[in-house]
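The figures here come from the full heavy-atom set of this structure, side chains too, leaving out hydrogens, waters and symmetry mates. When a ligand or atom number is given, it counts from 1 through the structure's own listing order.
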Amino acid sequence: MQEIRHGIFLTIVILGLILPRLILAGYPLGSVYISFGIFVSLFVDAILSYILFGSIIVSLVYFLSVLSLIDILNYTNLVNIYILFPYSMGLATALFFGLIIRRKYDDEFLSSLKKINITFNFYTILIPLVFLIFAIIIYLYIYYSQLLLIGSFIAFLLLLISGKKEDSPLILSSWIFLPYVMSQIGSNREEKGICIGEIIGILKRASFSSSKISTNSNYKWVSYKSKFYINLEGNKNFNIIIVGGSGSGKSHLAKNIIRRGNFRFLIFDIHGEYDVNAKRIDVSKISINPLSLFGQSPRQRALEVAYMIKSIFNLGSLQTIDLSNIIVDAYGEKGIFEDDERTWNLPPPNFRDVLMLLEKKKKLVTTSQELNKIQSLEPYIYFLATNTFMDNSINLYDLIIDDYVLDFSKVTIPEIKYVIIETILRSILAFMYISGQSNFRKMIVIDEAPFILSKESGEQLMERLFAESRKFGFGFILISQSIEYVRKLIPNTSYVFALNIVDPTEIDFISRLIGGQDPDIFKAIYNSLPKLERGLIITRDILRDEIILVRSN
Ligand SMILES: Nc1ncnc2c1ncn2[C@@H]1O[C@H](COP(=O)(O)OP(=O)(O)OP(=O)(O)O)[C@@H](O)[C@H]1O
């Protein structure tokens, strides 16, 4: 942590100034031996400051801190132009080797300036001001020093920028703690949104790591302590993707987001593991009619249903077209026609009606080719003509208005499970279009997202939902053990949370996704992902453009 780093450094600086004088006690203060001892310690201090703080600017300000200490320790004989020499030599040496090892220069202080987030209030101004007045009194009337007075004034200005009023007493220390105050700039985070845990590390170019997760890279986890908020309102969409291996804490994290968020939710609970406060529906006990129109035209819905069946059973293109035509005919049998919108509200057919229509058509065909065509569709319709798909035993729009958990754990046939999920998601999409733009907030959680995304029609539907749902007030939390299936959705996702992963291909892809182009960052994430304990998350804080390690709670 910053406090420890600065504490260690200042202790070493003070020891470096005092020890030569103590060890060489017999010699006068201005003697060559004592001066040489102090010069060596200043050379070492400069190198150390660069290693610890990674910023030439901070190191230079620390030189002023050292000057202040020399002033306070009353080493008047030393305050001359020559003491600049060992310090600047040390800094040049550190910079030279730093550039060789790290290959490029980036300054921690300069990058923190980009993250300044100033929020003034009465106390963030008043408290530093009180300490500034004290400092003025001390350095003008008690211990006259223009140098220290200037330091206090700069510390005051930096404290106003950092907004850390609790650090105000440091103004009295003038230059001495100024580098610490500088390191606090840009470290205050926005505290808006849903708190899902604590940031415990930030991935930074550093010489040593302060976390037990080793990265074997120039980038290391530098300790940090702050709450982590996800601010969906401030983002371009409300979508979240959670990836991680089995038992890594994915559902735990999703539950926390929905419990703490200020929105309605609907959970597709594939394994029956969501013990949240909501209405529960045992999906094995309900029926849903996939042929419901949900405000769409019969042809459009017929195409969607045919495409869904194609995706499940791998139908050919011609079969899919035939199927869609038969479904359109089934709508016609119920008096629902493409060109008469008033009829779209009539009760829709179900798959039993489609099956009966197929039987009828079989009797009317004249060629064996036509008969084959119909017979090739029969098994699929037969499969779907179960009680589960008779009619809607629940009001699908209710699912949107209240908090619901749809428990799929007792639906054993994957194809049936899939049809139900896709049908409900289609009804949600239709609801969005019917209701129009809205400030309404609803989060839809899909556990085991690959289940839906592994089918072509499911993938296309999810892509549409991800891209369009924000303006209608909807967001999604998709949970997956594999990034493979969710990768197309990532451009429309605000947060990607990666938990413990051990599969090398997955690790490779996620490291690239979160780390970007830099090979050192990639390596750091690659090496960290398999070491994450349960509940530890690696993610990118988009607002501050930092990669962070979060402990979810
Ligand atoms: N941050 C956490 N703090 C405390 N307990 C946690 C945390 N994260 C997960 N757990 C616990 O660890 C167990 C496994 O977590 P969870 O079910 O969320 O994992 P998962 O990744 O969803 O697993 P699966 O893929 O097998 O469903 C649960 O008992 C959960 O309560």
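For Asp282, the salt bridge (Lys or Arg N to Asp or Glu O under 4.0 Å) partners two or more places apart in sequence, or in a different chain, are Lys285, Lys410. Taking the salt bridge (Lys or Arg N to Asp or Glu O under 4.0 Å) definition, one finds that Lys255 meets it with Asp275, sequence neighbours left out. Listed by chain and number, the residues in a salt bridge (Lys or Arg N to Asp or Glu O under 4.0 Å) with Asp391 amount to none (sequence neighbours excluded).
In this structure, Arg426 pairs ionically with Glu422, as a charged nitrogen and a carboxylate oxygen lie closer than 4.0 Å.
Looking only at atom types and distance, the side chain of Lys417 has no donor-acceptor partner in the side chain of Thr412 under 3.5 Å away.
Contacts of ligand 1 (protein heavy-atom distance under 4.0 Å) are Gly245, Ser246, Gly247, Ser248, Gly249, Lys250, Ser251, His252, Glu273, Gln481, Arg534, Gly535, Ser552.
In this structure, the side chain of Lys523 engages the main chain of Asn216 through a donor-acceptor pair within 3.5 Å.
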